[in-house]
Amino acid sequence: MELLGYLIDSLTPFNLLLALGGVVLGTVIGALPGLSATMAVAVLVPFTFTMSPASALIALGAIYTGAIYGGAFAAILVNTPGTPSSIATTFDGYPMAKRGDGGLAVSIATIASVVGGMVGALGLLLLAPPLARIALNFGPPEYFWLAVFGLTLISVLSVGNTIKGLIGASIGLLMSMIGVAVVGGDVRYTMDTQFLLGGIDITSGLIGLFCIPVIIDLVATRDPHLKISENDTGLRLGEAFRITMREKFNLIRSSIIGTIIGILPGAGGSIAGLVSYSEARRSSKESSEYGKGHPGGVIATEAANNATVGGGFIPTLVLGIPGTPPDAIILGALLVQGIKVGPALFNDQGGIVYTFIFGLLIATMLMLPVGLLIGRYAYRSIISIPKAMLAPTIAFLVIIGSFAIHSDIADTYMMIGIGVIAWVLERYGFAASPIVLGLILGTIAEQGFVQSYLIGNATDNVFGMFFGRPICIALIVAAIFTLFYPLIADRFTPKKALDVELPSSAEEEPRPTRPLKYRDYPGMVIAALLILVGILAIIDTAGMSPLGSVFPTTIAAALIVFCMALLAQNMLRPVSTKGGKVVADAGQAEPSTWRRVAVTLALAAWAVAIDQIGFAVASIVGFAIVTFISNHDRTSPLRWLAYLAVACGIVAGFYLLMSEVLLIRLPKELLF
């Protein structure tokens, strides 16, 4: 009966309005690249100080869960994770959208997000104290092996091209070490510049790795960004429910994985999504279809990353240990409200906590109508917008998104530079996903390794510290199994016919997943250059302390070994006159090289101009230039004026949003 009273408290009109408004705001902010869940929660925290503690928590929880869900929109429709938690959503969500099933993918992501969020919230309601004790059992060695386990997902993300996947992960790990070392304080790989002293921001790197290649390829042809399926009738909710029911075990398993990983401080939705995606692909009879537009990949990722919201609140409320950056901000808001978190919270202030948990459940359920309504218009808008408007709009969003992270134009420069390199690497088979995985897990792996080594030395038990703890052993076994499972499955498991009906759609254009039969000369050149990078990275560790040099030396050596293996693999292949040249698919127009070069230069000039002449002027001019580059048709002067008016409206709207609502410091307008 007491819980029923808390449920009634959460259903007051004011709390319902807060839940609805929070979900809408969070979804919109999460869908915009760079405007992460952390930023959404941080900006809106001051508005909750005048509310009651329970209402404030409901508002912040709704914004948080909405932002995590909102990242799926950008991941599906433009191949750019709106938040880091949606990285794995791009693997199958965007291919579904390309073949005309974007509305279906949005519906599936919405259903999976709601179910995952509810499982996480129910875990918070029913299992908070016992689950919180699991987090206490994770020390530095457990976090190190958790990161290693995450890195073994490369074997799943790079099926048929594992060596290039390992090279990509090594690149990401080296990128994560730029700046000040997490243990020891060594300054590494900054080339004696202030620009790199802070390292590479994960969100900025994520935007560059995923979005800049999309923009470069988007302007290269007149082909539409997304296809419209003959059977496309919008969001296809009924079909989405049927597919979700067929994937019910995947849905529940991923939600549980997300809840468990959510309680581990520092892990978060990105790791949960990748682990769940790996497990879904490993256990599926249609594993070869993952990465080409299989709905199970979207379900696994979205269920897991939304489940981490409820899971992350478990250590935050019970132990006072925030599981993710948004949890840390919400914890600060709780302290301002005078709430003392800890094991006694559920007894001493149970009314506040249980009202919040029921409010979080209500906000999660509201994601279904809100997400479907937003998704309906978002999908149709993306399809109907001319490429001459779509490309500059995406470019504008990624530029201001990367700038908004720290109000620093250096993040934008970094984002564009990483993006151009990612386009070159991806063009010759080095996918962005393993690089992102290394970038995310690098800090966790290094910190866990170095701290464990120090503790082991102090207790004269280094071996036992790494290999003698039960959770460590379990993670090691899981990592070995994940790494070698594809090889074992290919050798001993008979090929089975696909017995799960996939959505009917137009013909897709999947990327090749099998190794090249002939020598890949561009890949060999890239491998040779990366060997040089590895050698220079090892030489640069000479002036570092042992704590600061052990991890980069190991990773640089691994990069060299993997690159040499790739060279040896290619030398054993026959010579082909085609080399590594990418041939356009039949039925597609030949991509325009000059447009690719022009849009790359335009993005770089746009970023420089923001710092020199201000945000508004530079953005209007940059928007207009990218519009011109993206336009493949003859356009009347009247339409050009319409394009310019739209550009001014978009820039003005985001200028007000960033300067007046989000209170982000923008460069001063020097021309006004």
Side-chain angles (χ1 to χ4, degrees), residues 29 32-36 39 43 80 193-198 200-201 203-205 207-208 211-212 214-216 218-219 385 387-421 423 594-631 635 637 639-672:
I29 293 175
L32 301 176
L35 304 185
S36 62
M39 180 180 294
V43 167
T80 301
T193 64
Q194 295 290 325
F195 179 72
L196 295 173
L197 191 60
I200 297 176
D201 181 83
T203 305
S204 179
I207 295 172
C211 202
I212 295 300
V214 171
I215 296 172
I216 293 174
L218 188 62
V219 304
I385 292 176
K387 185 175 284 190
M389 279 283 92
L390 181 62
T393 301
I394 296 174
F396 175 67
L397 290 176
V398 301
I399 286 177
I400 65 168
S402 59
F403 175 82
I405 299 167
H406 300 116
S407 295
D408 188 354
I409 199 65
D411 288 327
T412 305
Y413 298 152
M414 183 72 69
M415 180 270 297
I416 294 174
I418 291 174
V420 173
I421 295 172
W423 180 83
W594 80 263
R595 291 182 194 273
R596 284 172 166 165
V597 174
V599 76
T600 302
L601 296 176
L603 291 174
W606 190 341
V608 172
I610 287 177
D611 201 33
Q612 299 299 318
I613 62 177
F615 172 84
V617 176
S619 295
I620 291 173
V621 174
F623 202 107
I625 293 173
V626 177
T627 299
F628 173 78
I629 296 170
S630 308
N631 187 52
T635 304
R639 173 161 287 195
W640 279 115
L641 287 175
Y643 285 164
L644 183 60
V646 171
C648 292
I650 292 175
V651 171
F654 274 93
Y655 186 90
L656 293 175
L657 172 67
M658 295 176 68
S659 61
E660 303 300 325
V661 179
L662 302 180
L663 303 178
I664 295 173
R665 178 182 55 83
L666 298 173
K668 186 178 179 181
E669 302 297 330
L670 300 184
L671 297 186
F672 293 155

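When a residue number appears, it is its place in the shown sequence, counting from 1.
- M415 and V398 make their closest contact through CE-O, 3.5 Å (heavy atoms, listed as atom of the first residue, atom of the second, distance).
- Closest non-hydrogen pair, M389 versus V646, comes out as SD-CG1, 3.5 Å.
- Heavy atoms only, all atoms of each residue included: I215 and A395 are closest at CD1-CA, 3.6 Å.
- W423 has its side chain out of reach of I212: every pair of non-hydrogen atoms, C-beta onward, lies at least 4.5 Å apart.
- Between S204 atom OG and I416 atom CD1 the span is 9.0 Å, to the nearest 0.5 Å.
- Annotation: side chain of F403 is in contact with side chain of I409 (closest heavy-atom distance under 4.5 Å).
- Using a 4.5 Å heavy-atom cutoff, the side chains of D201 and M414 are not in contact.
- Between the side chain of S402 and the backbone N or O of I399 there is at least one donor-acceptor pair closer than 3.5 Å.
- Side-chain contact between F623 and T393: present, with at least one pair of heavy atoms (C-beta onward) separated by less than 4.5 Å.
- Across all non-hydrogen atoms, the minimal contact from V626 to W606 is CG2-CZ3, 4.0 Å.
- In terms of heavy-atom proximity, P392 sits nearest to T627 at CG-OG1, 3.2 Å.
- Nearest approach of A618 to G614, heavy atoms of both residues: CB-O, 3.1 Å.
- In the displayed structure, Y413 atom OH is contacted under 6.0 Å by more than 12 heavy atoms of other residues, nucleotides or ligands.
- Counting heavy atoms from C-beta outward, S630 and L218 have side chains that stay 4.5 Å or more apart.
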